[in-house]
Every structure is written in structure tokens, then in C-alpha cells.
Amino acid sequence: MLKSLFSQFQTRGTYQSAEPYGSGHINDTYLVQTTEAHCPNYIFQRINHHVFQHPQAMMNNIVLVTEHIRNKLNPYINSERECLTVIKSTQQFPAVTDEEGFYWACYLYINDSHAHDLVTNTKQAREGGKLIGRFLNHVSDFPHEALHETLPNFHNVDFRLENFERAVKENNFDRVQQCQSEIEFVRSIADEMKLTMSLGEQGKIPLRVVHNDTKFNNILLDSDDNGLCLIDLDTVMPGYLHYDFSDAVRTIANSSAEDEKDLRKISFDMNLFSAFCTGFIGEIKHNLNSAEINSLARAAPLMPFLHGMRFLTDHLTGDGYYKIHFPGHNLQRAQAQFQLIRCIQENISEMHKIICNLSH
Ligand code: ADP
Ligand code: GN1
Ligand code: MG
């Protein structure tokens, strides 16, 4: 199958092998290697069309954004390592369909690159911050109206709360009883989590082109932990900078796994947070308005909240959305996210000071 797909894209070299790659929750990703040492390897991705219902429009977004970024990079210095490259089909399309009707995309594999699930040192945190800041700078002059809204309401708190409350009410899998404390936790902080959207609706923070999925394993680093580029651009769409800040903080200033079972191991690491902010704010500060600066720290729990609530909703509705590795996995993920929120909340005023100091 992958061999025949390989020949449908503008790939170079001879197909040698394919192996499943990465730890994403939605799509199926493969590393395809070529025989010739001088030819590139490739990432092939089977797009989950239950989640991404318009794969061509999504891929058009990725082409537009990567071309925009590439035009700003120096073509003589590694521009293929500093930006994801979409490989088009021989018919010039950014995706092809297989005989079962699945869409596939192909990207240039960036050699000597690593996408880590966990941060292990402050350099990784700082480099991650720099890359996200740089990405947001690069796309800050891209007209967001030109992008298809790939997943409408993706980070809309009200929309996610409605889905969650519906799942609780319907209780189709009879799991509500075992999740009472998690359900209560969601309800107890839901109002606070509306801050970012409310600032946006009041026009105090601008709608921008953002990545929308800046977890640490969507950041490529080289073997010396130098930043290369952001990958997984499926959700590039209009949004608020807070989304990318919060999702990065969720996974970068947290030295335990997204689904850590032992809640005592979860903590919020202020050294990693500070290193992340040094990179992030250092890159983007000239591009931030004061309302953005003043609300960033309070937005930090937003993504653990949204993801925790989405994991919990998926648990309550029978695990149809995220790939799970064992029964109860989504509930365990939700519990880990909620514990992280508790840890973040203790540090918000200190985080705010760090952000303000770095923003001068
Ligand atoms: P998913 O949507 O499933 O998370 P990603 O696009 O993040 O898919 O890809 C999954 C993994 O594949 C990444 O975490 C990374 O390890 C690897 N990967 C993806 N694109 C590239 C690339 N262009 N070069 C090198 N590795 C890549
Ligand atoms: C999903 O595909 P992946 O693993 O990068 C999800 C993100 C969540 C993430 C949690 C389209 O991303 O929103 O942050 O899982 N993507 C979609 O790890 O729902
Ligand atoms: Mg990914």
C-alpha cells in the first residue's frame, strides 16, 4: 500500500521500507525510507477523516502557511529543516486518496530530528519557546481569513462544555457514576476558563493565525536540542496566541506524561516554565499587545482544562475520538490534566511576574 502511494507523490529515490512512527492520537503516521543515501526519507500520514472532514482544505491551509514561512527563510541556510515541506502528488495535489477512500499526505522527513514526549532539560524548553514564538511571528502577517476553519469551535470553551454536559446527561456508557469528582472539577472552574474567549470577543486580544496544537511532541529538535521547526500543522487556523502558549506550557513545564497515572508525580516545573518563556517571550514580545501580556499567565490552565474535559467527554461517550491503549485511558488522561491545573493554579502570580519581566 505505502509503496504504491509513494509512487503517487513527487518523491525522489526508491521505496525501501515503511514503519509506524510517532505517538499521535488522531492520524496514522509512517516513516518511509528510501534506498539511496542521497535521497530523502518521507513522512506519510493517513488522515483521520472522521476528525478532519475536509482533508483537502486542511492540506491547502498547510501548503499556504508553509509557503508563507518558507518565503521568509534564507533558502541557502537549511530552509528545509526550519519549515515543514509538503510533498505534492504527481498530479500537483497536496493529498491523494487510497482505494478505501482515506486521504494521505506526504512530508519531507527532517533528518536528525527528534519529537520528544517529555522535556528533560531547560534547553529543550527554551528552544521550544523560541520555535513557537518564531512560528507565530512568521504567520503574524498572514491574512487569517484566507484559511479554512479546519475544526470549527476547536478551542471554544462553551462548545466543549456543551458537549461535555450532553455526555454527562446521556450517560450512554454508564460511566458517570465513576467520574463524579472529575465532573465536579470541570464545573467548578468552567467560568474562569472563559477569560481568553471573552477578551477576544471584547476585541482586547487579536485573532491571529495560530498552530492550535503546540504540545511538545509537535516540536522538532536536533540531537543537540537545538530547535528545528513546528510540525503537525493540521490545526493551523485563526485563534488566540494564548492557545499556543497554554498548550506549550501544559507539555513543556510539566515533566510527567500527559496520561501520568500516579498523580503525585505531576508537578509544574517553574524552571522549565521560565526557560520556555525566555525563548517564547524573547521572540514574540515586539508583537504582543499589553492585554495579551497581562492575560497570558491566567490563560495557562486553559489547554489542560480543554483537553482534560475532552478526554473525559470521550471516556463518557465510549472512546470514539482519541486512540486509547487500555480501557479507562481517557479518564486517566483527564485526571492527569486536572491535577496539572491544580499545580499551575498555585503558580499563576509567579508566572505573571516572569512574563512581565521578560516583556520589557
Ligand atoms: P499526529 O497528528 O499523529 O500527531 P504528527 O504530524 O505530529 O502526527 O507526526 C507524528 C510524529 O512523526 C511526530 O511526533 C514526529 O516524531 C514525526 N514527524 C512528523 N513529521 C515529521 C517530519 N517532517 N520530519 C521528521 N519527523 C516527523
Ligand atoms: C490530539 O493528533 P495529536 O496527538 O497531535 C488533538 C489535540 C490534543 C492532543 C492531546 C485534532 O493531537 O487537540 O492536544 O491530541 N488533536 C485533535 O495530546 O483533536
Ligand atoms: Mg503530533
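Position 1 is the first residue of the sequence; numbering continues from there. Both counts, for ligands and for their atoms, begin at 1 and track the order of listing.
Between the side chain of Q45 and the backbone N or O of I47 there is no donor-acceptor pair closer than 3.5 Å. Looking only at distances, no side-chain donor or acceptor of T150 sits under 3.5 Å from a matching main-chain atom of M58. In this structure, the side chain of Y21 does not engage the main chain of V32 through any donor-acceptor pair within 3.5 Å. Listed for the D314 side chain is a donor-acceptor partner under 3.5 Å among the backbone atoms of Y322.
Of all the heavy atoms of L108, the ones lying under 4.0 Å from any atom of ligand 1 belong exclusively to the backbone. Both the backbone and the side chain of D232 come within 4.0 Å of ligand 1, judged by heavy-atom distances. Residue contacts with ligand 2, taken as heavy atom pairs separated by less than 4.0 Å, do not involve N212 at all.
Remark: ligand 1 atoms within the under-4.0 Å shell around heavy atoms of N218 are 7 (O). Those atoms of ligand 1 that come under 4.0 Å of a heavy atom in Y109, given as number and element, are 24 (N), 25 (C), 26 (N). The distance from ligand 2 to the heavy atoms of Y321 drops below 4.0 Å at these ligand atoms: 11 (C), 17 (C), 19 (O). Against a heavy-atom cut-off of under 4.0 Å, A115 is close to the following atoms of ligand 1: 14 (O), 15 (C), 16 (O). Set against the non-hydrogen atoms of I26, the atoms of ligand 2 under 4.0 Å away are 1 (C), 2 (O), 16 (N), 17 (C), 19 (O). Taking every non-hydrogen atom of L220 and a distance limit under 4.0 Å, the qualifying atoms of ligand 1 come out as 24 (N), 25 (C). Shown in contact with N218 at under 4.0 Å from a heavy atom are these atoms of ligand 2, numbered in order with element: 5 (O). Of all atoms in ligand 2, listed by their number and element, those nearer than 4.0 Å to a heavy atom of L151 are 11 (C). Less than 4.0 angstrom separates some heavy atom of L84 from each of these atoms of ligand 1: 23 (N). Every atom of ligand 2 is numbered from 1 in the order shown, and the set under 4.0 Å from a heavy atom of E258 is 10 (C), 18 (O). With ligand atoms numbered from 1 in the order given, ligand 1 contributes 14 (O) to contacts under 4.0 Å with heavy atoms of N217. For ligand 2, the atoms lying closer than 4.0 Å to a non-hydrogen atom of F52 are 11 (C). For ligand 2, the atoms lying closer than 4.0 Å to a non-hydrogen atom of D232 are 5 (O). Near G24, with a cut-off below 4.0 Å to any heavy atom, the atoms of ligand 2 are 4 (O).
For atom 21 (C) of ligand 1, the closest non-hydrogen atom of the protein is I43 CG1, 3.5 Å. The single protein non-hydrogen atom nearest to atom 3 (O) of ligand 1 is G24 CA, 3.4 Å, given as residue, atom name and distance. Ranking protein heavy atoms by distance to atom 12 (O) of ligand 1, first place goes to Y21 CD2, 3.5 Å. At the top of the distance list for atom 7 (C) of ligand 2, counting protein heavy atoms only, stands D213 OD1, 3.7 Å.
Ligand 2 is approached by R250 to a heavy-atom distance shorter than 4.0 Å. Residue contacts with ligand 1: I26 is excluded, as none of its non-hydrogen atoms falls under 4.0 Å. The closest approach between N217 and ligand 2 stays at or above 4.0 Å for every heavy atom of the residue. The shell of residues lying under 4.0 angstrom from ligand 1, judged by heavy atoms, excludes H114. Residue contact check for ligand 2: R310 places a non-hydrogen atom closer than 4.0 Å to it.
The shortest N or O to N or O distance between H25 and ligand 1 is not under 3.5 Å. Ligand 2 has a nitrogen or oxygen under 3.5 angstrom from a nitrogen or oxygen of H25. The shortest N or O to N or O distance between H307 and ligand 2 is below 3.5 Å.
Here atom 4 (O) of ligand 2 lies nearest to K215 when heavy atoms of K323, K215, H155 are compared. Of the candidates N48, I110, V86, D213, the one placing a heavy atom closest to atom 24 (N) of ligand 1 is I110. Nearest-heavy-atom check against atom 11 (C) of ligand 1 across G22, P20, C229 picks out G22. Checking R46, Q45, H116, K323 against atom 5 (P) of ligand 1, the nearest heavy atom belongs to Q45. The residue among I231, D28, I47, T29 with a heavy atom at the shortest distance from atom 10 (C) of ligand 1 is T29.
Side-chain atoms of D141 and H68 form a donor-acceptor pair, as typed in the model, at a separation below 3.5 Å. Side-chain polar atoms of R70 and T85 form a donor-acceptor pair below 3.5 angstrom. At a cut-off of 3.5 Å, with distance as the only test, no side-chain donor of H138 or E82 sits close to an acceptor on the other residue. Inspection of the Q124 and T120 side chains reveals an N or O donor paired with an N or O acceptor under 3.5 Å. In this structure, a donor-acceptor pair under 3.5 Å is absent between the side chains of R342 and Q345. Checking E36 against T14 by side-chain atom types alone, a donor-acceptor pair falls below 3.5 Å. No donor-acceptor contact under 3.5 angstrom links the side chains of R134 and N137, judged on distance only.
Among L221, D247, L118, N254, the single residue meeting the side chain to side chain contact (heavy atoms under 4.5 Å, CB included) criterion with F216 is L221.
Around the CZ atom of F142, the shell of radius 6.0 Å holds more than 12 heavy atoms that belong to other residues, nucleotides or ligands. The 12-atom threshold is exceeded at NZ of K285, counting heavy atoms of other residues, nucleotides or ligands nearer than 6.0 Å.
Between H54 and H148, the ring planes lie perpendicular to each other; the angle is over 60°, past the 30° to 60° tilted range. The aromatic rings of F245 and F276 lie tilted to each other, with the angle between the two planes from 30° to 60°.
Taking a cutoff of 4.0 Å between a charged side-chain nitrogen and a carboxylate oxygen, R250 and E258 qualify as a salt bridge. With respect to the salt-bridge test (charged N to carboxylate O, under 4.0 angstrom), the residues D319 and R175 qualify.
Looking at D232, its N, O or S atom nearest to the Mg ion (ligand 3) turns out to be OD2.
Put simply, S23 stays out of reach of the Mg ion (ligand 3), with no N, O or S atom under 2.8 Å from it.
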(request) Given ring pair (Phe, Tyr, Trp, His ring centres under 6.0 Å), test F9 with F44 step by step and report yes or no. (result) CA-CA 10 Å; F9 285 93; F44 275 71; 5.5 Å; yes
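Between H329 and F326, a ring centre-to-centre spacing shorter than 6.0 Å is recorded.
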